[in-house]
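On a predicted model such as this, the values are computed, not experimentally measured, just so you know. Chain identifiers are assigned alphabetically (A, B, ...) following the order of the sequence lines, protein sequences preceding nucleic acid strands; residue numbering begins at 1 within each chain. Keep in mind that the numbers below use all heavy atoms, side chains included, and drop hydrogens, waters and symmetry copies.
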There are 2 protein chains.
Amino acid sequence: MSGLAREDYLADIYRLQCENPHDPVSTGSVADRRGVTAASATAMFKRLARDHLILYRNYGGVSLTPEGEDLALGVVRRHRLVERFLADVLHIPWQQVDAYADQMEHALPDEVVDRMEALLENPYTCPHGYPIPDKHGHLSQPDLVLLRDLPVGEQVRVARVNERVPGLLRYVEDLGLMPGSLLEVSARNPVDLNVTIETGGRTHILGLRVSESIWVERTGSRG
Amino acid sequence: MSGLAREDYLADIYRLQCENPHDPVSTGSVADRRGVTAASATAMFKRLARDHLILYRNYGGVSLTPEGEDLALGVVRRHRLVERFLADVLHIPWQQVDAYADQMEHALPDEVVDRMEALLENPYTCPHGYPIPDKHGHLSQPDLVLLRDLPVGEQVRVARVNERVPGLLRYVEDLGLMPGSLLEVSARNPVDLNVTIETGGRTHILGLRVSESIWVERTGSRG
DNA sequence: AAAGAGTTTTAAGCGTGTCTAAAACGCTTG
DNA sequence: CAAGCGTTTTAGACACGCTTAAAACTCTTT
Ligand SMILES: [Mn+2]
Ligand SMILES: [Mn+2]
Ligand SMILES: [Mn+2]
Ligand SMILES: [Mn+2]
């Protein structure tokens with residue numbers, strides 16, 4: 001009926017589309033993300049296209065139809081709400097909630113999701129800072145800047161940390177850079193692209209890998 | 001990997017075994033419970049037997065191996081703990097939690113289950129009164145009596161209500177007979193097997209359908 | 001002991017979701 | 001523009017889990 005793998009494919013297509021809004025989503029990128037072969041992705045594309053959930057042309061990548069996007073947003077909503085629940089109610093470390101939510105997101109009745117949302121007092125984001133779509137698929141899209149691109153001397157708030165970069169969450173936590181933390185870029189090295197930041201009274205030098213995985217929110221205050 | 005339907009089959013075999021500890025579990029009973037054809041059950045039996053989770057002889061019914069029982073107890077544990085969670089934390093009516101738990105029970109990582117258990121302060125039973133196996137598969141087996149078989153004049157506590165009898169939970173709730181409620185049988189009709197009970201200052205006459213679906217616990221007090 | 005009824009298994013088929021290996025495609029480069 | 005390379009699709013296969021229809025079995029009843 002609902003289809004188990006379909007939901008993961010749709011949500012991954014959605015996320016890939018968000019990360020790269022200009023290009024169509026390629027077979028290979030979906031296969032990589034899902035951990036399956038390109039042949040498997042192609043087969044799934046045929047089924048999803050047959051059911052009018054994606055647009056698919058041979059060798060031309062895929063995109064979500066409105067119906068497919070609705071379903072994808074539902075999965076993403078469940079995923080991020082469950083992450084919030086696992087972190088806030090069950091106190092599970094934020095490094096683990098993504099994997100757990102990936103398992104649970106397909107088995108949650110709407111009523112359970114809605115009650116969780118109420119219990120959590122309608123959170124705007126998952127523990128990593130990604131927005132949670134509301135019941136109707138709407139989501140807030142705040143103005144965020146990559147830490148990589150932030151000018152020197154402005155105090156900002158950490159808004160989002162890429163949950164899929166291996167080891168990053170643990171590293172970011174050790175540095176005290178969870179969503180909500182305040183920081184300021186005090187220097188940037190134009191050669192190796194390292195950024196020097198001040199946060200919680202300490203100084204850290206972050207490589208590109210890190211600075212391009214953290215989004216910040218301007219606060220309007222000078223450092 | 002884990003197998004989705006397998007878990008439901010194992011848990012249903014376990015429950016059928018509990019309900020009727022003498023006979024082996026028949027193909028038809030499992031098929032009925034699962035809502036599939038007998039042919040489907042036979043096919044699943046072959047796979048489960050191949051994987052040493054059940055003993056199966058043609059035309060001879062099935063029984064769980066120790067390994068199969070372990071898995072079954074894990075599913076039952078998750079099922080009943082989730083029911084508790086849904087009822088106590090999310091305040092979902094107890095008529096609905098069985099169906100929801102049936103969906104969720106296959107997608108809960110051990111750590112999530114264990115944390116839920118701690119949050120709930122290690123409950124002994126699900127909201128309907130069925131015991132929750134602990135992490136090692138142990139479960140308390142209290143001395144319960146069917147209301148059908150209870151002698152007149154003894155005050156007892158409702159311990160368990162069969163969650164699979166259609167409409168019963170709603171009916172029992174209206175009568176104020178949730179697990180924990182006190183009642184006393186004031187009369188029994190030997191012809192139609194109705195029992196008359198007193199509870200919460202009111203008198204009700206219960207048919208066999210009801211009285212054979214409610215278990216009670218002796219309190220040692222006379223009414 | 002044979003017949004009949006009910007249960008169970010077998011046989012054949014279908015959709016999902018995965019794989020490997022081979023063929024087709026498309027883009028870049030000589 | 002043709003060669004080559006990386007990507008994508010096709011072809012063929014397999015396990016799971018379900019179905020219907022037919023065959024096989026078991027148990028009861030005459
Ligand atoms: Mn998932
Ligand atoms: Mn997240
Ligand atoms: Mn289930
Ligand atoms: Mn229950």
**OP:** Starting from P on C:dC19, measure out to CZ on A:R34 and report it in whole angstrom.
**Re:** 10 Å
Original post:
What's the closest nucleotide to the B:A39 side chain, out of C:dT9, C:dC19, D:dT8?
Top reply: C:dT9
**OP:** Determine: side-chain N/O of B:S40 to OP1/OP2 of D:dC18, distance under 4.0 Å, yes or no.
**Re:** no
**OP:** Using whole Å, report how far NE2 of A:H106 lies from C1' of C:dT16.
**Re:** 15 Å
Subject >> d(CG, A:D32; P, C:dT18) in whole Å >> reply: 14 Å
**OP:** Could you tell me whether A:A41 contacts a base, only the sugar-phosphate backbone, or nothing, with contacts defined as non-hydrogen atoms closer than 4.0 Å?
**Re:** nothing
Original post:
Taking only N and O in the side chain of B:R47, is any of them less than 4.0 Å away from OP1 or OP2 of D:dA15?
Top reply: no
**OP:** Look at B:S26 and C:dT7 and indicate whether a side-chain polar atom (N or O) is within less than 4.0 Å of OP1 or OP2.
**Re:** no
Subject >> Phosphate-side-chain proximity, A:R50 and C:dT16, N/O vs OP1/OP2 below 4.0 Å >> reply: yes
Subject >> Whole angstrom value for the distance that separates C1' of C:dT16 from CZ of A:F45 >> reply: 16 Å
Subject >> Salt bridge B:R47-B:D51, side-chain N to carboxylate O under 4.0 Å >> reply: no
Original post:
Between D:dG17, C:dT20, C:dA24, which nucleotide has the shortest distance from any of its atoms to the side chain of A:Y59?
Top reply: C:dA24
Original post:
Roughly, in whole Å, what's the span from CG in B:L53 to P in D:dC16?
Top reply: 12 Å
Subject >> The single option from B:D114, B:D88, B:V89 passing side-chain contact (heavy atoms from CB on, under 4.5 Å) against B:L119 >> reply: B:V89
Subject >> Salt bridge flag under 4.0 Å for residues B:D8 and B:R33 >> reply: no
Original post:
Tell me: CG of A:D23 to P of D:dT8, nearest whole Å?
Top reply: 12 Å
Original post:
Salt bridge or not for A:E117 and A:K135, using N-O below 4.0 Å?
Top reply: no
Original post:
Less than 6.0 Å separating the ring centroids of A:F85 and B:F85?
Top reply: yes
Original post:
Using a cut-off of 4.0 Å on non-hydrogen atoms, how would the nucleic acid contact of B:A5 be classed: base, sugar-phosphate, or nothing?
Top reply: sugar-phosphate
Original post:
Considering heavy-atom distances to DNA chain C, does B:T27 or A:Y9 have its closest nucleotide positioned more toward the 5' end?
Top reply: B:T27
**OP:** Kindly say if A:Y56 contacts the phosphate of D:dT9, meaning a side-chain N or O under 4.0 Å from OP1 or OP2.
**Re:** yes
**OP:** In whole angstrom, give the distance that lies between atom CG of A:N58 and atom C1' of C:dA23.
**Re:** 13 Å
Original post:
Under 4.0 Å between a side-chain N/O of A:K46 and OP1 or OP2 of D:dT10, yes or no?
Top reply: yes
